[in-house]
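Structure record follows, encoded as structure tokens.
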Amino acid sequence: MIWQISVAIIAAAFAVLVVFLVKTLQAAEKSLDKTTQTLQEIQKTVDELSYEVKQVVRQANSITEDVEHKMKQLDPVLESVKNVGDVLNEVTLAAKQVSSSLIGRVKKTAHKPKSTAGPEQGTNEEHPIDRSMHTYGSAYDGPANSKPDPGWMKWVDIASGVWQKYRS
């Protein structure tokens, strides 16, 4: 009889164990169902996002191609602007050289002694270049700078002449 009681207790314990295992397995099944549902939603969201990302990448590629095309169209314009800048730089340099050589030559003629004998002896009018040089001299030379022309002016005239011959 002990055997029968032992077997009955073991059978009851096994039945209780099965009941608890069934409840645990049902809870695990519910959890797995929720996980499956969540994964399906995530997959759907990823599919939607991947479509949108592909569209954004296509638009970015299109914009990049458009910008590259427009930059290629602007390259000749920018090159022309650069060339105009170079030309203006050369023109400015040439104008500076011409003006400095002209001022040097006018200064040389202004410092030459005037002849007292001549047809202009009775007139009080000055030559227009003399008047402008007189004005230039009074404005920039002053009494302290009444020294003869420095030697560097000759070199400027020579350089200006060489530059003009080079440009011709």
Report the distance from atom [atom1] of [X] to atom [atom2] of [Y], rounding to the nearest 0.5 Å.
X	Y	atom1	atom2	value
I42	L49	CD1	CG	11.5 Å
D66	I63	CG	CD1	8.0 Å
K34	T38	NZ	OG1	9.0 Å
T24	L17	OG1	CG	9.0 Å
M1	S6	CE	OG	11.0 Å
I10	W3	CD1	CH2	8.5 Å

(message) Please determine whether side-chain contact (heavy atoms from CB on, under 4.5 Å) holds for the pair E79 and D75, giving the CA-CA distance in whole Å, both sets of side-chain angles, and the decisive distance to 0.1 Å.
(response) CA-CA 6 Å; E79 186 68 26; D75 281 343; over 6 Å; no
(message) Between Q73 and H69, is there a side-chain donor-acceptor contact under 3.5 Å, judged purely by atom types and distance?
(response)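 The answer is yes; a qualifying pair exists.
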(message) Checking D33 against Q37: is there a side-chain donor and acceptor pair closer than 3.5 Å?
(response) no
(request) Look only at the side chain of T92 and the backbone of L88, and say whether a donor-acceptor pair between them is shorter than 3.5 Å. (result) yes
(message) Please check: side-chain N/O of T64 versus main-chain N/O of A60, any donor-acceptor pairing under 3.5 Å?
(response) yes
(message) Are V81 and M71 linked, directly or through intermediate hydrophobic residues, by side-chain heavy-atom contacts shorter than 4.5 Å (ILVMFWY only)?
(response) no
